[in-house]
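One structure is given here, and the rest of the page talks about it.
When reading the values below, keep in mind they use all heavy atoms of this one structure, side chains included, and skip hydrogens, waters and symmetry mates.
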Amino acid sequence: MRWLMVVFAVALSFSAWALDLQQAKQQGLVGEQLNGLVGVVQARNDVSAVANDINRKRLSSYQDIAKRTGTSLTVVQTRAGQYNIERTKAGHYIQLADGSWRKK
C-alpha cells in the first residue's frame, strides 16, 4: 500500500518535473532556428519531446497564416524564424546559416 501512495505522489508531481520551452532555452538545451522552429542543441528524450510539441504547434500556426495570407509556408517560416531570433534573449541559442549553434 505504501508503494502505491509513492507512485501516486510521483504521478501527481510529474508535471512539476516536466521541461517546458523556457526552461529548455535557459538550460541551453534548445534554440531558435532560421526556419521558425525550435532545434535541439543538446539531445535528451525530454528535450526532443518539448521541441517536437512546440514545432508541431508552430507549424500548424504557420500553415494557417500561409493559407490566410496566400503566402507560401516557406516564406512564413522564414519570417517567423527571423522574428524569433530577434526576440531571443541574450545567452540563449540561435542557429546560424551553416547549421551551427551560437549563444546570442
Side-chain angles (χ1 to χ4, degrees):
M1 182 68 172
R2 188 162 217 246
W3 66 270
L4 185 58
M5 290 181 0
V6 170
V7 169
F8 185 67
V10 168
L12 287 178
S13 64
F14 181 73
S15 62
W17 296 342
L19 188 65
D20 70 15
L21 179 60
Q22 291 309 313
Q23 291 170 332
K25 283 184 175 184
Q26 289 171 347
Q27 294 175 25
L29 303 172
V30 298
E32 292 291 342
Q33 299 181 119
L34 294 170
N35 65 0
L37 301 177
V38 175
V40 175
V41 177
Q42 294 182 28
R44 286 184 3 197
N45 286 340
D46 56 342
V47 174
S48 295
V50 168
N52 289 339
D53 183 52
I54 295 299
N55 288 339
R56 181 182 48 77
K57 291 173 184 174
R58 284 186 179 185
L59 196 53
S60 175
S61 177
Y62 298 159
Q63 289 168 335
D64 289 343
I65 292 167
K67 185 177 180 180
R68 262 195 344 257
T69 61
T71 307
S72 75
L73 179 59
T74 303
V75 169
V76 173
Q77 282 189 255
T78 301
R79 289 182 182 161
Q82 291 168 344
Y83 180 74
N84 292 342
I85 287 172
E86 288 171 6
R87 289 187 19 200
T88 296
K89 294 179 183 179
H92 291 187
Y93 281 93
I94 58 172
Q95 191 174 46
L96 304 178
D98 67 2
S100 64
W101 294 101
R102 175 179 62 89
K103 279 190 179 182
K104 186 172 179 186

Minimum side-chain heavy-atom gap [X]-[Y] below 4.5 Å:
X	Y	value
V30	L21	yes
L73	L59	yes
K67	D64	no

Problem - E32 bridged to R87 by N-O distance under 4.0 Å - result: no

Problem - SB check D53 K57 (cutoff 4.0 Å) - result: yes

Return yes if some donor-acceptor pair links the side-chain N/O of [X] with the main-chain N/O of [Y] below 3.5 Å, else return no.
X	Y	answer
T78	T74	yes
K104	I85	yes
N55	V38	yes

Look up atom [atom1] in [X] and atom [atom2] in [Y], then write down how far apart they are to the nearest 0.5 Å.
X	Y	atom1	atom2	answer
N35	R58	CG	CZ	9.5 Å
R56	L37	CZ	CG	12.5 Å
R102	H92	CZ	NE2	14.0 Å
Q77	T71	CD	OG1	12.5 Å

Give the cluster check for [X] versus [Y]: same hydrophobic cluster or not, with ILVMFWY residues linked at side-chain heavy-atom distances below 4.5 Å.
X	Y	result
I65	Y83	no
L34	I94	yes
V75	Y62	no

Exercise for the section: Check step by step if side chain to side chain contact (heavy atoms under 4.5 Å, CB included) holds for V40 and L29. Expected result: CA-CA 6 Å; V40 175; L29 303 172; over 6 Å; no

Completion exercise
Connected to Y93, directly or through other members, by ILVMFWY side-chain contacts below 4.5 Å are V41, W101

Handout entry: N84 to G36 - nearest heavy-atom pair and separation
Key = ND2-O, 3.7 Å

Problem - Greater than 12 external heavy atoms within 6.0 Å of R44's CZ - result: yes

